[in-house]
Engineer: 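Can you read through this structure? Questions will come right after.
Keep in mind that this is a model prediction, so the values were computed, not measured.
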Amino acid sequence: MSVQVEKLEGNMAKLTIEVSAGAFTTALDKAYQAQKNKISVPGFRKGKAPRKMIQKMYGDGIFYEDAANSAINSAYPAAVEECGEAIVSRPTIDIVQIEEGKPFIFTAEVALKPEVTLGEYKGLEVEIKQPEASEEEVNAAIEKEREQNAREIDVDDRPVQNGDSIKLDFEGFVDGEAFEGGKGTDYPLTIGSGAFIPGFEEQLIGKNIGEETEVNVTFPANYQAKELQGKAAVF
């Protein structure tokens, strides 16, 4: 095997790698051994037809692809080591010559590690700016830490407040009639989450555990259920 290196623009290089004719013949024999049991030749049992007979019947190139892959997989790593270049990309392979009895030649275009030349950096002065944070930014960071480290506790000695997680039973009516999807039991709801119709959660603030109350709301005009769009409802 031999390798030639051609430097290209943009930290690229092209390796021209030549595999000896004998090594390529060995690769052809290897491809033949791997495929012979799959190829039918009249007058021969599968796996018994000579390579030359198969090539005569199916063409000289029948084993070229597998042989080329085998030769490339074997020769390319050795060529990289031999050329001594700092290659930092996968190669783009192009076959130049492939013919039994002749050297197998292919090229590999690769990216090389760029050479960096440092400028004058000693003695430079850099102004270090001290970071400043506004009171709003500090409070926002504190609130974020509070939320991340918060834990839930059960509360039963005060009315509902904004931010509380509750469970409620509810049933909704439009024009005095219950509607589909308007009823729930032990439904989990965080007050202020905006999960319910606008105005619903706010009307639960100040209510006590076990207390029954009426909530009056109006469905949004773009509500997903068209029959409820813009309708006044009582829960």
Engineer: Look up atom OG in Ser40 and atom NZ in Lys38, then write down how far apart they are to the nearest 0.5 Å.
Structural biologist: 12.5 Å
Engineer: Okay, side chain of Ser74, backbone of Ser70: is any donor-acceptor separation there less than 3.5 Å?
Structural biologist: no
Engineer: With distance as the sole criterion, is a donor-acceptor pair present between the side chains of Thr16 and Thr107 under 3.5 Å?
Structural biologist: no
Engineer: Ring centres under 6.0 Å, that's the criterion: do Phe179 and Phe219 meet it?
Structural biologist: yes
Engineer: I would like to know whether Phe24 and Ile98 meet side-chain contact (heavy atoms from CB on, under 4.5 Å); could you show each step before the answer?
Structural biologist: CA-CA 9 Å; Phe24 186 63; Ile98 181 168; 3.5 Å; yes
Engineer: With a cut-off of 6.0 Å (strictly less than), are more than 12 heavy atoms of other residues, nucleotides or ligands near CE of Met53?
Structural biologist: no
Engineer: How about CD on Glu227, more than 12 heavy atoms from neighbouring residues, nucleotides or ligands closer than 6.0 Å, or not?
Structural biologist: yes
Engineer: Taking C-beta and beyond as the side chain, do Ser193 and Glu201 meet within less than 4.5 Å on heavy atoms?
Structural biologist: yes
Engineer: Do other residues, nucleotides or ligands put more than 12 heavy atoms under 6.0 Å from the CD atom of Gln4?
Structural biologist: no
Engineer: Does any non-hydrogen side-chain atom of Glu6 lie less than 4.5 Å from one of Leu8?
Structural biologist: yes
Engineer: Run the numbers on Gln35 and Asp66 for side chain to side chain donor-acceptor pair (under 3.5 Å), then give the verdict.
Structural biologist: CA-CA 9 Å; Gln35 296 188 42; Asp66 285 356; 2.5 Å; yes
Engineer: Starting at CD of Glu18, measure out to CZ of Phe106 and round the result to the nearest 0.5 Å.
Structural biologist: 11.0 Å
Engineer: If you look at every heavy atom in Gly192 and Asn162, which pair is closest and at what distance?
Structural biologist: CA-OD1, 3.4 Å
Engineer: Can a salt bridge be assigned to the pair Arg158 and Asp164 using a cut-off of 4.0 Å between side-chain N and carboxylate O?
Structural biologist: yes
Engineer: Would Leu112 and Glu85 count as a side-chain contact (heavy atoms from CB on, under 4.5 Å) here? Give the steps.
Structural biologist: CA-CA 7 Å; Leu112 303 180; Glu85 298 290 345; 3.9 Å; yes
Engineer: Testing the basics here: between Phe44 and Pro50, what is the closest heavy-atom pair and its distance to 0.1 Å?
Structural biologist: CE2-CD, 3.8 Å
Engineer: Do Ile95 and Leu28 belong to the same hydrophobic cluster, where Ile, Leu, Val, Met, Phe, Trp and Tyr are linked whenever their side-chain heavy atoms lie under 4.5 Å apart, directly or via other members?
Structural biologist: yes
Engineer: Is the shortest side-chain heavy-atom distance between Val234 and Glu214 below 4.5 Å?
Structural biologist: yes
Engineer: What closest approach, in Å, do Ile153 and Arg151 show between heavy atoms, and which atom pair accounts for it?
Structural biologist: CG2-NH1, 3.2 Å
Engineer: I need the minimum non-hydrogen distance between Leu204 and Val160, along with the two atoms involved.
Structural biologist: O-CB, 3.5 Å
Engineer: To the nearest 0.5 Å, what is the distance between NZ (Lys231) and NZ (Lys226)?
Structural biologist: 15.0 Å
Engineer: Is it the case that atom CD in Glu180 sees more than 12 heavy atoms from other parts of the structure closer than 6.0 Å?
Structural biologist: no
Engineer: Do Leu118 and Leu124 sit in the same hydrophobic cluster, where Ile, Leu, Val, Met, Phe, Trp and Tyr count as joined when their side-chain heavy atoms come under 4.5 Å apart?
Structural biologist: yes
Engineer: Give the cluster check for Ile87 versus Met12: same hydrophobic cluster or not, with ILVMFWY residues linked at side-chain heavy-atom distances below 4.5 Å.
Structural biologist: no
Engineer: Is Arg51 salt-bridged to Glu100, going by a charged N under 4.0 Å from an acidic O?
Structural biologist: yes
Engineer: Pair Met1, Glu82 - check side-chain contact (heavy atoms from CB on, under 4.5 Å), show working.
Structural biologist: CA-CA 10 Å; Met1 185 205 72; Glu82 182 177 324; 3.2 Å; yes
Engineer: For the residue pair Thr218 and Gly230, what are the closest heavy atoms and their distance?
Structural biologist: CG2-O, 3.7 Å
Engineer: Take atom NZ of Lys30 as the centre, draw a 6.0 Å sphere, and report whether it contains more than 12 heavy atoms from other residues, nucleotides or ligands.
Structural biologist: no
Engineer: Does CG in Asp157 sit with more than 12 non-hydrogen atoms of other residues, nucleotides or ligands closer than 6.0 Å?
Structural biologist: yes
Engineer: Under the salt bridge (charged side-chain N to carboxylate O under 4.0 Å, His left out) criterion, do Glu147 and Lys144 qualify, and how do the steps go?
Structural biologist: CA-CA 5 Å; Glu147 291 178 357; Lys144 183 178 180 181; over 6 Å; no
Engineer: Quick one: closest heavy-atom pair of Gln33 and Lys36, and the distance?
Structural biologist: OE1-NZ, 2.9 Å
Engineer: Using distance alone, with no hydrogens and no angle criterion, decide if Asn216 and Gln203 have a side-chain donor and acceptor under 3.5 Å apart.
Structural biologist: no
Engineer: What's the spacing between Tyr32 OH and Thr25 OG1 if we round to 0.5 Å?
Structural biologist: 15.0 Å
Engineer: Can you confirm whether more than 12 heavy atoms, excluding those of Tyr187, are under 6.0 Å from its OH atom?
Structural biologist: no
Engineer: For the hydrophobic clusters of this structure (ILVMFWY residues joined by side-chain heavy atoms under 4.5 Å, transitively), does one cluster hold both Ile93 and Val3?
Structural biologist: yes
Engineer: Salt-bridged, Lys102 to Glu99, with N to O below 4.0 Å?
Structural biologist: yes
Engineer: How about Leu15 and Tyr76: do any of their side-chain heavy atoms sit closer than 4.5 Å?
Structural biologist: yes
Engineer: Let me see the working for Leu189 and Lys167 under side-chain contact (heavy atoms from CB on, under 4.5 Å), right down to the final yes or no.
Structural biologist: CA-CA 6 Å; Leu189 174 64; Lys167 288 185 178 179; over 6 Å; no
Engineer: Do Ser165 and Glu152 have side chains that approach each other closer than 4.5 Å (heavy atoms only, starting at C-beta)?
Structural biologist: yes
Engineer: Taking side chain as C-beta onward, heavy atoms only, is Phe235 less than 4.5 Å from Thr213?
Structural biologist: no
Engineer: Less than 4.5 Å apart, side chain to side chain, heavy atoms only: is that true for Ile105 and Val19?
Structural biologist: no
Engineer: Take atom CD in Glu135; do more than 12 heavy atoms of anything else shown fall under 6.0 Å from it?
Structural biologist: no
Engineer: Mind checking whether Leu168 and Val215 sit in one hydrophobic cluster, side chains of I, L, V, M, F, W, Y counted as touching below 4.5 Å?
Structural biologist: yes
Engineer: I'd like to know if the side chain of Glu211 reaches the main chain of Asn208, judged simply by a donor and an acceptor atom lying under 3.5 Å from each other, with no hydrogens or angles considered.
Structural biologist: yes
Engineer: Tell me if the centroids of the rings in Phe104 and Tyr64 come within less than 6.0 Å of each other.
Structural biologist: no
Engineer: Kindly compute the distance separating CG (Asn37) from CZ (Arg45), expressed to the nearest 0.5 Å.
Structural biologist: 11.0 Å
Engineer: Just so I know, are the side chains of Leu228 and Val174 near enough to count as touching, which here means a heavy-atom distance under 4.5 Å?
Structural biologist: yes
Engineer: I'd like to know whether the aromatic ring centres of Phe63 and Tyr58 sit less than 6.0 Å apart in this structure.
Structural biologist: no
